[in-house]
Amino acid sequence: MKKNCIAMLLAGGQGSRLYALTQNVAKPSVPFGGKYRIIDFPLSNCANSGIDTVGVLTQYRPLQLNSYIGNGQPWDLDVSDGGVYILPPYQSAGEKGSWFSGTANAIYQNMGFIESYDPDYVLILSGDHIYKMDYAEMLQAHKENNADCTIAVQQVSMQEATRMGIMNVGEDGFINEFEEKPKHPKSDLASMGIYIFTWKKLRRYLIEDENDPNSSKDFGKNIIPNMLNAGERLLPFRFSGYWRDVGTITSLWDANMDMLSIGNIDLFDPSWPISSRSPACPPHYVGENASVVHSILTEGCTVRGRVANSVLSPKAEVGEGAVVEYSVLMPGAIVEEGAVVKYAMLGENVVVKAGAVVGADPDGSENWGVATVGPDVTVRSGAVVAPNAMIYSSEEV
């Protein structure tokens with residue numbers, strides 16, 4: 001079955017920097033923006049870009065992610081001659097099989113899947129970024145410039161550049177140097193971790209890399225530098241839209257707050273819908289004594305208290321006299337009567353009992369930060385969860 005381009009979505013990361021929120025689920029499964037999960041964005045981008053064959057590489061706690069993706073129907077990826085496929089690590093007869101040892105190794109282990117579609121090009125994606133991008137435009141640039149690899153890049157500040165992979169570009173417009181977290185960056189073009197490869201070329205480099213005992217089996221550390229050293233044509237594809245890596249507590253909270261402004265990323269654009277597998281819930285309800293200001297309320301929410309500058313996911317509840325400000329309530333989170341939640345993220349099915357306090361307004365101190373309560377935790381009545389606290393335990397706090 002011949003395909004022009006297929007996508008391989010790396011969605012197996014543990015997401016260790018999200019701490020309590022990913023103790024039982026993979027990072028791409030984490031709820032986001034009220035209605036979505038993080039993986040909805042790359043899957044929707046694929047569907048909207050006309051890429052109908054997507055391999056999703058899972059590894060860490062894949063059960064919820066596998067169940068959520070299902071047959072791909074919410075993203076129109078349930079096609080007969082393509083579709084979305086879950087690709088976990090596996091062991092063949094006579095082999096020592098192992099978990100994916102790096103991003104390049106993950107693709108190497110699934111070369112059989114790729115070759116079953118005989119693609120001309122392969123799109124490599126990460127499952128933990130929030131953005132809207134037309135991959136068809138990137139693919140067109142790759143073809144027109146006869147590139148071996150095209151890397152999506154975004155302009156960042158020089159201060160941010162010291163924390164990212166930076167692409168330096170020559171006079172011919174192609175990448176001539178890659179620097180990982182340089183102390184003195186020469187360019188402000190940061191890699192977004194989105195690649196398009198000519199498959200025949202990538203296949204050769206994957207095999208060579210797999211046979212290198214000293215390799216980290218990683219695209220950024222090995223495949224890209226090896227291609228540069230060999231003089232391959234690496235093209236930068238400049239992206240100027242909204243894009244955020246949500247790999248940390250702060251960046252995830254920031255991105256949720258960004259959803260409150262249409263100017264950041266337009267979720268109401270009918271020409272580029274972000275789809276999700278939404279639960280069947282009744283409409284949200286706002287009580288007669290409630291106050292809701294500049295917030296997102298999704299299906300099944302019940303608000304009887306005050307909600308301001310916050311994101312409420314399906315079946316979230318805010319009781320009479322409770323206050324929720326600058327916070328994210330993930331599916332099923334409950335804030336009971338008189339409780340206060342400020343600058344916080346509550347995981348799925350968290351219960352904040354009456355009179356409890358989670359988080360606080362910024363005070364300018366080094367110890368201040370977003371308070372985070374992991375899934376299924378109950379914060380007992382009268383308890384105080386300090387700013388920047390991280391609660392894991394499933395028992396009462």
[X] (side chain) donor-acceptor with [Y] (main chain) under 3.5 angstrom:
| X | Y | value |
| --- | --- | --- |
| Arg277 | Arg37 | no |
| Lys3 | Asp81 | yes |
| Asp134 | Ala136 | yes |
| Ser327 | Ala344 | yes |
| Arg238 | Val153 | no |
| Gln23 | Tyr392 | yes |
| Ser49 | Asn45 | yes |
| Asn110 | Ile107 | no |
| Ser187 | Met167 | yes |
| His129 | Val246 | no |

Six-ring centre of Tyr131, Arg244 cation under 6.0 angstrom, axis tolerance 45°: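 Negative - Arg244 is either too far from the ring of Tyr131 or too far off its axis.
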Tell me if the CG atom of Leu63 is crowded by more than 12 foreign heavy atoms within 6.0 Å.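 12 or below, so no.
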Rounded at 0.5 Å granularity, tell me how far [atom1] in [X] sits from [atom2] in [Y].
| X | Y | atom1 | atom2 | value |
| --- | --- | --- | --- | --- |
| Tyr108 | Asp209 | OH | CG | 10.0 Å |
| Ile224 | Asn229 | CD1 | CG | 11.5 Å |
| Cys5 | Tyr117 | SG | OH | 13.5 Å |

Can the ring centres of [X] and [Y] be said to be less than 6.0 Å apart?
| X | Y | result |
| --- | --- | --- |
| Phe237 | Tyr195 | no |
| Tyr121 | His142 | yes |
| Phe197 | Tyr205 | no |
| Tyr68 | Trp75 | yes |
| Tyr326 | Trp253 | no |

Report yes if the side chains of Val328 and Leu346 come closer than 4.5 Å at any heavy-atom pair, otherwise no.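 Answer no - side chains too far apart.
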Does the side chain of Val379 come within less than 4.5 Å of Lys353's, by heavy atoms?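 Lys353 does not reach Val379 side chain to side chain.
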Are Glu325 and Arg306 within salt-bridge range, i.e. N to O under 4.0 Å?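 Yes, this pair counts.
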